[in-house]
> 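Structure in structure tokens, see below.
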Amino acid sequence: MIEESRAPSNFIRQIIDEDLASAKHSEVVTRFPPEPNGYLHIGHAKSICLNFGIARDYKGRCHLRMDDTNPAKEEQEYVDAIKADVRWLGFDWNGHEYHAADYFPRLYEWAEKLVREGKAFVDDQSADEVRRTRGTLTTPGAPSPFRDRSPEENLDLLRRMRKGEFPDGSRTLRAKIDMASPNLNLRDPVMYRIRREHHDRTGDEWCIYPTYDWAHGESDAIEGITHSLCTLEFEAHRPLYDWYLEQIEVPHRPRQIEFARLNITYTMLSKRHLGALVAEGLVSGWDDPRMPTIAGLRRRGYTPEALRLFCDRIGVAKADSTVEVELLENTLRELLNVSVKRALCVHRPLKVVVENWEDGKVDEIEAPFLADDPSAGSRKLPFTRELFIERDDFMEVPGKGFKRLSPGKEVRLRHAYVLRCNSVTKDSRGEVTELRATIDPDTRSGNPKDGRKVGGAVHWVSAPLSKPATLRLYDRLFRVPNPGAGEADFRTQLNPHSLEILDGARIEPAVAEAQPMERWQFERKGYYVADAKDSKPGAPVFNLIVPLRDTWAKGGG
RNA sequence: UGGGGCGUCGUCUAAGGGCAGGACAUGGGACUUUGAAUCCCAUUAUGAUGGUUCGAAUCCAUCCGCCCCAACCA
């Protein structure tokens with residue numbers, strides 16, 4: 001097995017090991033808490049593999065929790081997509097699906113408790129005033145003039161906020177912590193804001209909504225989460241996470257641990273920006289095969305195994321990091337190589353007439369789908385007088401090291417005969433339109449009897465018996481290694497060649513009936529998948545998943 | 001110039017007082033009916049300076065660099 005059944009260790013697993021060894025915990029409970037305001041991307045896959053992987057390896061459980069505290073941005077479509085993506089990745093929350101919104105009543109009760117204890121107050125200041133009085137990184141903030149209201153008044157006001165007596169944004173409930181704290185998150189953070197917004201789950205029951213900080217640790221506590229894993233930017237929120245937890249009575253305290261989020265070269269992993277690409281029509285949708293979303297990668301032809309193996313390989317640590325996209329591609333190829341059946345597909349056809357093959361004669365040549373694995377079966381390749389080969393596989397004036405076809409030279413037709421090019425036909429523009437050639441009849445699936453060496457092998461199809469196919473050649477969405485970095489607008493950094501459509505490709509008959517999502521390797525070219533939406537048996541549309549490595553092209557040849 | 005983090009090959013990540021290891025990438029070679037795969041070889045790293053120690057990537061000090069925080073976003 002290439003894929004490890006247990007993920008490699010990391011600093012978080014070490015912490016868990018210690019917690020188990022010291023009997024601080026007897027079981028491990030994690031959670032994956034997406035906000036349903038967009039589709040999951042490969043960065044989320046890292047978090048999913050981490051959280052669900054830990055639950056699997058420690059025989060604990062991992063909850064799927066929709067972090068839906070902000071009704072303005074959340075939709076059911078996203079909830080459904082998130083669940084589909086997590087399942088496709090190969091993980092199961094075993095019925096532990098929760099929503100932060102389900103905790104709204106409990107959160108509100110706890111808020112009243114804080115108010116009664118003088119630990120929270122209703123602030124009448126506007127968002128603008130709150131911002132202005134928060135202070136700066138180096139100077140303390142000024143307390144709100146409403147900070148010292150009595151618990152009775154605060155309780156009355158909070159209840160009226162909840163009942164809807166005040167307009168949106170006119171008041172907030174704030175925790176009373178420390179306006180002079182060097183940690184801005186502790187300068188009387190907002191716990192509730194007034195917002196008359198329909199919530200997908202609670203409807204119009206609430207007009208006040210809890211903030212992330214107030215809801216998250218409490219949700220973790222309610223669910224009995226032991227280790228609450230999140231990304232580095234929440235590090236400064238941990239003191240607040242802990243402060244809130246200290247104010248309420250819960251049987252166990254979850255521990256927040258932060259790790260570095262995933263970055264990948266030539267890739268943008270920002271839900272907001274990815275959403276902009278979709279909204280502005282720069283891609284065909286969240287599942288555009290160029291998108292680093294899980295839905296996009298799935299449609300592109302990536303396998304869940306590859307994504308999981310990749311997540312194991314990148315590791316988990318606290319240092320900011322950017323993984324080279326080559327690691328992702330290599331992981332994918334490594335898995336596809338051992339399992340995906342081979343076929344021949346001529347991308348840009350060039351006609352070859354075999355002069356010593358009589359018209360109408362068909363030789364059916366047996367060819368295995370996988371050279372190393374006879375159990376994968378085989379198919380018959382029809383060989384006829386007229387063939388197509390790849391335009392790139394012929395050069396009238398071959399460059400140094402060119403091993404393919406040129407006038408007077410021989411090349412191996414994969415699985416079939418050795419072919420010699422006799423003459424070249426060109427059109428008025430000097431474009432090569434046809435090759436005349438002869439085959440060596442003694443080389444059918446074998447080597448020349450006289451022991452002469454034939455350097456290259458090229459793929460081919462029968463001209464009359466091959467089938468048409470549409471090929472979508474995908475390349476990276478961005479031309480720059482770090483799109484959107486600094487002041488740059490990612491829209492100006494899109495790769496204009498991220499999609500090239502070839503409608504004139506010819507495939508061997510065995511592939512023409514491919515079912516949607518069926519994967520093939522087109523030899524010497526790359527791995528392809530029949531598009532989930534646009535491909536039909538008999539009218540195939542293939543997406544390039546990833547090209548084969550090409551050390552010839554790389555060497556500048 | 002407050003607070004919180006982080007610095008190990010080009011990239012990601014191990015080793016946490018005792019041989020700096022792996023993967024990807026890169027270069028070379030072997031093999032090849034996929035210029036793929038496979039195999040072999042090679043290159044390259046502990047941010048800096050001091051200190052403790054028989055011995056420091058690891059402990060201490062100072063410095064340098066990078067990231068995050070001033071939404072009623074998450």
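Numbers restart at 1 for each chain; the letters A, B, ... are given by sequence-line order, proteins then strands.
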> Nearest to the Phe234(A) side chain among A74(B), C73(B), G2(B), which nucleotide is it?
A74(B)

> Rounding to an integer number of Å, can you tell me how far Asn185(A) CG sits from G3(B) P?
15 Å

> What distance, rounded to whole Å, do you find between the two P atoms, one in C54(B) and one in C63(B)?
28 Å

> So, is Thr551(A) near the phosphate of A36(B), with a side-chain N or O under 4.0 Å from OP1 or OP2?
yes

> Would you indicate what His216(A) reaches in the nucleic acid, counting non-hydrogen atoms under 4.0 angstrom: base, sugar-phosphate, or nothing?
nothing

> So, are Asp68(A) and Arg201(A) salt-bridged, with charged N and O less than 4.0 Å apart?
no

> Would you mind telling me which of U34(B), C72(B), A71(B) lies closest to the side-chain atoms of Leu548(A)?
U34(B)

> Could you check whether Arg272(A) gets within reach of a base, just the sugar-phosphate, or nothing at all, counting any heavy atom under 4.0 Å?
nothing

> With a non-hydrogen cut-off below 4.0 angstrom, is Gly401(A) in contact with a base, only sugar-phosphate, or nothing?
base

> Tell me whether Asp124(A) is salt-bridged to Arg149(A), with the criterion being a basic N under 4.0 Å from an acidic carboxylate O.
yes

> Have a look at Gly141(A) and say if it touches a base, only the backbone sugar-phosphate, or nothing, with a 4.0 Å heavy-atom cut-off.
nothing

> Any base atoms under 4.0 Å from Glu390(A), or only sugar-phosphate, or nothing? Heavy atoms, all strands.
nothing

> If I pick the P atom on A48(B) and the same atom on A71(B), what distance separates them, to the nearest angstrom?
38 Å

> Have a look at Thr331(A) and say if it touches a base, only the backbone sugar-phosphate, or nothing, with a 4.0 Å heavy-atom cut-off.
nothing

> Within this structure, what is the NZ-CZ distance for the pair Lys176(A) and Phe121(A), rounded to the nearest 0.5 Å?
7.0 Å

> Side chain of Arg342(A) only, heavy atoms from C-beta on: which candidate in U34(B), A74(B), U33(B) is closest?
U34(B)

> Side chain of Ala457(A) only, heavy atoms from C-beta on: which candidate in G5(B), G35(B), C72(B) is closest?
G35(B)

> Counting only N and O atoms by type, is there a donor-acceptor contact under 3.5 Å from the side chain of Arg412(A) to the main-chain atoms of Thr443(A)?
yes

> Applying a 4.0 Å non-hydrogen cut-off, can you work out what Glu324(A) is touching in the nucleic acid: base, sugar-phosphate, or nothing?
base

> Distance check, C1' atoms only: A30(B) and C24(B), in whole angstrom units.
22 Å

> Would you mind telling me which of G2(B), C72(B), C67(B) lies closest to the side-chain atoms of Pro182(A)?
G2(B)

> Do the rings of Trp110(A) and Trp214(A) sit parallel, tilted or perpendicular, given the 30° and 60° boundaries?
perpendicular

> Side chain of Asp320(A) only, please: which of A23(B), C67(B), U26(B) is the nearest?
C67(B)

> Select base, sugar-phosphate, or nothing to describe what Lys318(A) touches, counting heavy atoms under 4.0 Å on all strands.
sugar-phosphate

> For U49(B) versus A56(B), give the span between their P atoms, rounded off to a whole number of Å.
14 Å

> Among the candidates U1(B), G35(B), A25(B), find the nucleotide nearest to the side-chain atoms of Arg549(A).
A25(B)

> Classify Ser181(A) by what it touches in the nucleic acid, base, sugar-phosphate, or nothing, heavy-atom distance under 4.0 Å.
nothing

> Between Glu223(A) and Arg65(A), is there a salt bridge with N-O shorter than 4.0 Å?
yes

> Using only side-chain N and O atoms of Arg131(A), determine if any of them is under 4.0 Å from OP1 or OP2 of A71(B).
yes

> What nucleic acid atoms does Thr211(A) come within less than 4.0 Å of, heavy atoms only: base, sugar-phosphate, or nothing?
sugar-phosphate

> When the P atoms of C19(B) and C59(B) are compared, how many Å lie between them, rounded to an integer?
16 Å

> With sugar-phosphate meaning primed atoms plus P, OP1 and OP2, does Phe259(A) contact a base, only sugar-phosphate, or nothing at under 4.0 Å between heavy atoms?
nothing

> With a 4.0 Å limit, can you tell me whether Gln14(A) has a side-chain N or O closer than that to the phosphate oxygens OP1/OP2 of A15(B)?
yes

> Under 4.0 Å between a side-chain N/O of Arg134(A) and OP1 or OP2 of C72(B), yes or no?
yes

> Which of these nucleotides, C68(B), C69(B), U33(B), is closest to any side-chain atom of Arg414(A)?
U33(B)

> Is the distance from OP1 or OP2 of G2(B) to the nearest side-chain N or O of Asn183(A) less than 4.0 Å?
no

> Using the C1' atom as the point on both nucleotides, what is the distance between G22(B) and A45(B), in whole Å?
14 Å

> Between Lys271(A) and C73(B), does any side-chain N or O lie under 4.0 Å from OP1 or OP2?
no

> What integer distance in Å separates Arg452(A):CZ from U33(B):P?
14 Å

> Under the 5.5 Å and 30° test, is Trp552(A) stacked on the base of G35(B)?
yes

> Is a salt bridge present between Arg452(A) and Glu410(A), judged by a nitrogen-to-oxygen distance below 4.0 Å?
yes

> In which stems does RNA chain B show up, taking only runs of three or more Watson-Crick or G-U wobble pairs whose two distances fall under 3.5 Å?
B:2-7 with B:64-69, B:10-13 with B:21-24, B:26-30 with B:38-42, B:47-51 with B:59-63

> Has Arg162(A) got its NZ or CZ under 6.0 Å from the middle of the six-membered ring of Trp206(A), at an angle within 45 degrees of the ring axis?
yes

> To the nearest Å, how far apart are His99(A) NE2 and A74(B) P?
17 Å

> Between the base of U34(B) and the side chain of Gln521(A), is there any donor-acceptor pair under 3.5 Å?
yes

> Report yes if a side-chain nitrogen or oxygen of Arg193(A) is closer than 4.0 Å to either non-bridging phosphate oxygen (OP1 or OP2) of A74(B); otherwise report no.
yes

> Would you measure the distance from the P atom in C6(B) across to the matching atom in C41(B) and give it in whole Å?
38 Å

> What's the closest nucleotide to the Glu523(A) side chain, out of U34(B), C24(B), C72(B)?
U34(B)

> Using only heavy-atom distances, decide whether a donor-acceptor pair under 3.5 angstrom links the side-chain of Glu258(A) to the base of G5(B).
no

> Just checking, is any N or O donor in the side chain of Glu77(A) or Tyr39(A) under 3.5 Å from an acceptor N or O on the other one?
yes

> Of the candidate nucleotides C73(B), C72(B), U34(B), which contains the atom at the shortest distance from the side chain of Asn70(A)?
C73(B)

> Any base atoms under 4.0 Å from Ala371(A), or only sugar-phosphate, or nothing? Heavy atoms, all strands.
nothing

> Between G10(B) and U43(B), how far is it from one C1' atom to the other, in whole Å?
11 Å

> Mark yes or no for a side-chain to base donor-acceptor pair under 3.5 Å between Arg524(A) and U34(B), with no hydrogen or angle criteria applied.
no

> Is any side-chain N of the basic residue among Glu235(A) and Lys318(A) closer than 4.0 Å to the acidic one's carboxylate O?
yes

> Reckon Ile314(A) touches a base, only the sugar-phosphate, or nothing at all at heavy-atom distances under 4.0 Å?
sugar-phosphate

> Quick one: do the His216(A) and Arg31(A) side chains pair a donor with an acceptor below 3.5 Å?
yes

> Would you mind checking if Asp128(A) and Arg132(A) are paired as a salt bridge, meaning a charged N to carboxylate O distance below 4.0 Å?
yes

> Is Ser321(A) near enough to U13(B) that one of its side-chain N or O atoms lies under 4.0 angstrom from OP1 or OP2?
yes

> Can you say whether a donor on the side chain of Arg313(A) sits under 3.5 Å from an acceptor on the base of U13(B), or the other way round?
no

> Does any donor-acceptor pair link the side chain of Arg238(A) with the base of G4(B) at a separation under 3.5 Å?
no

> Reckon Phe522(A) touches a base, only the sugar-phosphate, or nothing at all at heavy-atom distances under 4.0 Å?
nothing

